[in-house]
Amino acid sequence: MGHSINNLRIGESCASTAPIAFTQQDLTTVRLPHDDPLVIKLQIDSALVGRVLIDGRSSVNILFLSTFENMGLNQNALRPTCQPLFTFDCTKVSPLGIVTLKVCAVERCLDVDFVVIDCPSSFNVIMGRGWIHAMYGVASTLHQ
């Protein structure tokens, strides 16, 4: 088992053979009604990363610099980009670059482009609608 940094585990695998599915039993711990965001853990390269926000409105996948550094990644791996982004409060952020990392959920692994940004966030990663579609995923707002 890897070490933990802010809900991020280096060297720990979450490989599973079970499909991701929601049942009525999953609702037993959910207080209804609610409007909570969908936050999960994902295997990203060799790290099991917690506090991953699934955001079907986002057009890009975001990796925050603090998470990038905690994963032991090197900024030399970043490819340049001039695409500006806007945060939740509409503040303009200049990306540090783009990095491609392998993301695994259940039995499906995909190479995913992440835009790396340096700004505060309560999340480690934001996965956008492109990744959700590529995974053939459906985010259940009821089970979030």
Side-chain angles (χ1 to χ4, degrees), residues 1-27 29-30 34-144:
M1 184 162 146
H3 62 283
S4 177
I5 303 170
N6 199 16
N7 284 329
L8 179 143
R9 295 189 187 280
I10 305 296
E12 182 176 309
S13 176
C14 67
S16 170
T17 58
I20 298 173
F22 299 105
T23 66
Q24 284 300 114
Q25 186 175 11
D26 294 315
L27 289 175
T29 60
V30 177
H34 75 88
D35 60 357
D36 300 331
L38 180 56
V39 180
I40 65 171
K41 291 180 182 178
L42 278 178
Q43 184 77 36
I44 303 175
D45 264 6
S46 64
L48 180 59
V49 181
R51 294 192 349 249
V52 176
L53 175 67
I54 306 300
D55 184 0
R57 295 168 295 170
S58 180
S59 60
V60 295
N61 303 302
I62 304 292
L63 180 62
F64 293 93
L65 180 61
S66 59
T67 306
F68 180 90
E69 291 171 342
N70 286 337
M71 291 173 70
L73 301 173
N74 189 321
Q75 287 196 28
N76 292 333
L78 294 174
R79 300 185 311 275
T81 182
C82 58
Q83 172 187 16
L85 294 176
F86 294 89
T87 63
F88 294 121
D89 67 358
C90 297
T91 304
K92 185 177 176 181
V93 175
S94 296
L96 301 173
I98 296 174
V99 64
T100 303
L101 301 170
K102 185 174 294 303
V103 177
C104 298
V106 188
E107 295 177 344
R108 189 172 182 87
C109 293
L110 296 173
D111 288 332
V112 175
D113 286 339
F114 288 93
V115 176
V116 179
I117 61 173
D118 185 13
C119 71
S121 174
S122 43
F123 304 106
N124 289 316
V125 174
I126 299 175
M127 300 303 291
R129 65 181 173 266
W131 176 79
I132 298 168
H133 293 175
M135 292 295 293
Y136 300 102
V138 178
S140 171
T141 56
L142 176 63
H143 295 89
Q144 308 190 77

Quick one, Phe68 with Leu96, criterion side-chain contact (heavy atoms from CB on, under 4.5 Å). Give me CA distance, side-chain angles, the key distance, then yes/no. CA-CA 11 Å; Phe68 180 90; Leu96 301 173; over 6 Å; no
Test side-chain contact (heavy atoms from CB on, under 4.5 Å) applied to Asn70 and Asn124, step by step: CA-CA 10 Å; Asn70 286 337; Asn124 289 316; 5.9 Å; no
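The line from CG of Asp111 to NZ of Lys102 is 4.0 Å long, rounded to the nearest 0.5 Å. Interatomic distance, Gln43 CD to Cys109 SG, rounded to the nearest 0.5 Å: 8.0 Å. The distance from atom CD1 of Ile117 to atom OG of Ser94, rounded to the nearest 0.5 Å, is 10.5 Å.
Shown here is Phe86, whose CZ atom has more than 12 heavy atoms of other residues, nucleotides or ligands within 6.0 Å.
For Leu110 against Ala134, the heavy-atom pair with the smallest separation is CD1-CB, 3.6 Å. Residue Pro95 comes nearest to Pro84 through the heavy atom pair CD-CA, 4.2 Å, listed as atom of the first residue, atom of the second, then distance. Residues Ala105 and Leu42 approach most closely at CB-CD2, 3.8 Å, considering heavy atoms. When all heavy atoms are compared, the tightest approach of Val125 to Phe64 is N-CD1, 4.1 Å. When all heavy atoms of Ser59 and Arg129 are compared, the pair lying nearest together is CB-NH2, 3.5 Å. Here the closest non-hydrogen pair linking Lys41 and Gly50 is CG-CA, 3.7 Å.
Within the 4.5 Å cutoff, the side chain of Phe123 has no heavy atoms near those of the Thr67 side chain. Annotation: side chain of Leu63 is in contact with side chain of Met71 (closest heavy-atom distance under 4.5 Å). Within the 4.5 Å cutoff, the side chain of Ile62 has heavy atoms near those of the Leu85 side chain. At a threshold of 4.5 Å between non-hydrogen side-chain atoms, the residues Val99 and Leu78 count as touching. With contacts defined as side-chain heavy-atom distances shorter than 4.5 Å, the pair Gln83/Val60 qualifies.
Results of the side-chain contact (heavy atoms from CB on, under 4.5 Å) test with Phe114 over Ile44, Ile98, Ile126 single out Ile44 as the only residue that passes.
Residues passing the disulfide bond (SG atoms under 2.5 Å apart) test with Cys119, sequence neighbours excluded: none. With sequence neighbours left out, the side-chain contact (heavy atoms from CB on, under 4.5 Å) criterion links Asn76 to Asn74. Take Asp113 and apply the salt bridge (Lys or Arg N to Asp or Glu O under 4.0 Å) test, not counting sequence neighbours, and it matches Arg79. In this view, Ile132 and Ile54 satisfy the side-chain contact (heavy atoms from CB on, under 4.5 Å) rule, not counting sequence neighbours. The salt bridge (Lys or Arg N to Asp or Glu O under 4.0 Å) test applied to Asp89 returns no partner, not counting sequence neighbours. With sequence neighbours excluded, the residues forming a side-chain contact (heavy atoms from CB on, under 4.5 Å) with Glu69 are Leu65, Gln75, listed by chain and number.
In this structure, Asn61 contributes its side chain and Gly128 its backbone to a donor-acceptor pair below 3.5 Å. Looking only at distances, no side-chain donor or acceptor of Asp45 sits under 3.5 Å from a matching main-chain atom of Ala47.
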